Amino acid sequence: MSEKIILTGDRPTGRLHIGHYVGSLKRRVELQNAGEFDKIFIMIADAQALTDNADNPEKVRQNIIEVALDYLAVGLDPEKSTIFIQSQIPELCELSFYYMNLVTVARLQRNPTVKSEIQARNFEASIPVGFFTYPISQAADITAFKATTVPVGEDQEPMLEQAKEIVRKFNSIYGEALVEPKILLPENKACLRLPGIDGNAKMSKSLDNCIYLAEEPEEIQKKIMSMYTDPNHIRVQDPGTIEGNTVFTYLDAFGRTDHFERFLPDYSSLEELKEHYKRGGLGDVKVKKFLNKIMQEELEPIRNRRKEYQKNISYVYEILKKGSEAAEKVAAQTLADVKSAMRINYFEDESLIAGQQEKYCE
Ligand code: ATP
Ligand code: MG
């Protein structure tokens, strides 16, 4: 049986939020603790973050520790998962450079996630080459660790497609050196792409519409009470709409039956609550207060664990250093396999030297 390996990660462009949590982090922790995977690699993608933050390296530098603290806070365990920093693994750049020959410009231009990110960043004609090609570098990250499983949110689907194409092309030209990865999306539909508190399609650090994992209770409550709902649901007795109503999407993502028993015993299920809202007679404030109780309960232990780690920052850097050293060893082995498959391993190939000698012996 071949090994089961996870690789996934986040850009250090800000603290992690509840979209990351339901889209990827929660699953990682579950998979880590289930113990079915042979290896788990969690990458802080600073080199990728620099592709659209080249003029702001300090932002990336400051956020490495924020992401690391969020990881530890949600329960990633450095004894079970290798947590590392992308830029500390130079092998990833080398792999990217060779993969670039296997991808066309037209193929990169078709990537819908990159397209919408270019729009959101107002890059227009001034797209940095590094940003444009980040799906290739992501393929390098995934394949360097021979990852079989990549647990991510829905926006990463095009990246996984690109990675698979590169693997197939590489293996067909040079021989089977790389492993094809599989995406692992959240099972709960509301978690595929959690919307922002402003109703925007995606909660995103870059859009400033997030509830952060480290947020204090008052701030969580303030944000929830200000959340986007149904703009036409003005009076309590008005019928309301569920679709596109962020509060209900969050209830889909975070709600459980036991929450009703404890926090809102007048209802027995989310279906019943939704029906009442649609009929009219249920105010936004009541639903928001319910969501607030759920979120407070979910985020409290995360925030408390983070505070413990915050007391020992040098220990957290030590985890990252050790993780990066371990990760580099793995990536170096893959790079050696790749170079030998590509026939650029001149000094390791004695038959090459002997063969060249023979050419001149006749
Ligand atoms: P940036 O705006 O800097 O790109 P981001 O908030 O999009 O930041 P990333 O670091 O790009 O975060 O994404 C990290 C992981 O979290 C990916 O697996 C991504 O799919 C997932 N993710 C990000 N935002 C959401 C969301 N709103 N819902 C579900 N998953 C998400
Ligand atoms: Mg992103």
Side-chain angles (χ1 to χ4, degrees), residues 6-31 40-54 56-57 59-64 66-68 70-71 74 76 83 85-86 111-123 128 130-131 134-135 137-138 141-142 147 149-163 181-214 223 227-228 246 249-250 252-254:
I6 287 178
L7 177 284
T8 184
D10 306 86
R11 295 153 38 96
T13 49
R15 289 182 170 191
L16 299 183
H17 53 65
I18 59 172
H20 298 122
Y21 185 60
V22 293
S24 175
L25 289 174
K26 208 172 167 180
R27 193 68 168 283
R28 288 179 211 173
V29 177
E30 285 163 10
L31 294 172
I40 301 178
F41 295 96
I42 310 289
M43 180 180 81
I44 302 182
D46 62 335
Q48 188 187 117
L50 284 168
T51 64
D52 58 333
N53 288 285
N56 200 355
K59 171 174 154 189
V60 174
R61 183 179 173 86
Q62 294 301 328
N63 277 307
I64 299 252
E66 300 297 337
V67 172
D70 285 330
Y71 282 171
V74 296
L76 285 175
I83 305 174
I85 305 179
Q86 185 184 26
N111 186 313
T113 299
V114 177
K115 255 193 207 168
S116 65
E117 287 174 338
I118 286 171
Q119 243 174 4
R121 286 162 178 74
N122 284 323
F123 276 151
F131 184 80
Y134 91 71
S137 114
Q138 222 169 292
D141 305 332
I142 295 167
T149 306
V150 184
V152 282
E154 190 183 41
D155 61 315
Q156 293 302 309
E157 232 167 351
M159 311 308 158
L160 262 289
E161 275 316 305
Q162 178 74 81
K182 273 202 195 69
I183 191 167
L184 188 67
L185 292 170
E187 277 153 19
N188 182 336
K189 236 180 89 210
C191 302
L192 285 172
R193 184 179 302 225
L194 196 77
I197 54 169
D198 57 355
N200 192 297
K202 182 174 178 274
M203 180 175 286
S204 165
K205 287 169 274 182
S206 311
L207 297 175
D208 195 22
N209 58 5
C210 310
I211 295 176
Y212 293 97
L213 290 173
K223 287 188 175 178
M227 260 169 78
Y228 179 86
T246 315
T249 310
Y250 285 22
D252 281 330
F254 291 95

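We use all heavy atoms of the structure for the numbers below, so side chains are in, but hydrogens, waters and symmetry mates are not. Predicted model, so just to flag it, every value in this text is computed and none were measured. In listed order, ligands and their atoms are each counted from 1.
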Polar-atom distance check: E154 versus ligand 1, any N or O pair below 3.5 Å? no
From the options E157, K205, H20, R121, select the one whose nearest heavy atom is closest to atom 22 (N) of ligand 1. H20
Can you find a side-chain donor-acceptor pair between Q48 and Q138 that sits under 3.5 Å? yes
Measuring from atom 25 (C) of ligand 1, which candidate in Q156, K202, R27 has the nearest non-hydrogen atom? K202
Does any N/O atom on L194 come nearer than 3.5 Å to any N/O atom on ligand 1? yes
For G23, the ligand 1 atoms whose distance to one of its heavy atoms is below 4.0 Å: 29 (C), 30 (N)
Quick note on ligand 1: atoms under 4.0 Å from a heavy atom of C191 include exactly 29 (C)
Would S24 count as a polar contact of ligand 1, with the cut-off being nitrogen or oxygen pairs under 3.5 Å? no
Identify, by atom number and element, the atoms of ligand 1 in contact range of H17, meaning under 4.0 Å from any of its heavy atoms. 6 (O), 24 (N)
Within the 4.0 Å heavy-atom shell around G153, which atoms of ligand 1 are there? 18 (O), 19 (C), 20 (O), 30 (N)
Take every heavy atom of L192, measure it against each atom of ligand 1, and state whether any distance is under 4.0 Å. yes
Does P195 offer a backbone N or O that forms a donor-acceptor pair with the side chain of Y250 under 3.5 Å? yes
Salt-bridge test for K205 and D10: reply yes if a basic N is under 4.0 Å from a carboxylate O, no otherwise. no
Using a 3.5 Å cut-off on N or O atoms only, is R28 in polar contact with ligand 1? no
Check: S204 main-chain N/O paired with N209 side-chain donor or acceptor under 3.5 Å: yes
Only heavy atoms of R193, strictly under 4.0 Å: list the atoms of ligand 1 that pass. 28 (N), 29 (C)
Tell me whether T8 has any N or O atom under 3.5 angstrom from an N or O of ligand 1. no
Among side-chain atoms of E66 and Y212, is any donor-acceptor pair under 3.5 angstrom? no
Does even one non-hydrogen atom of E117 get within less than 4.0 Å of ligand 1? no
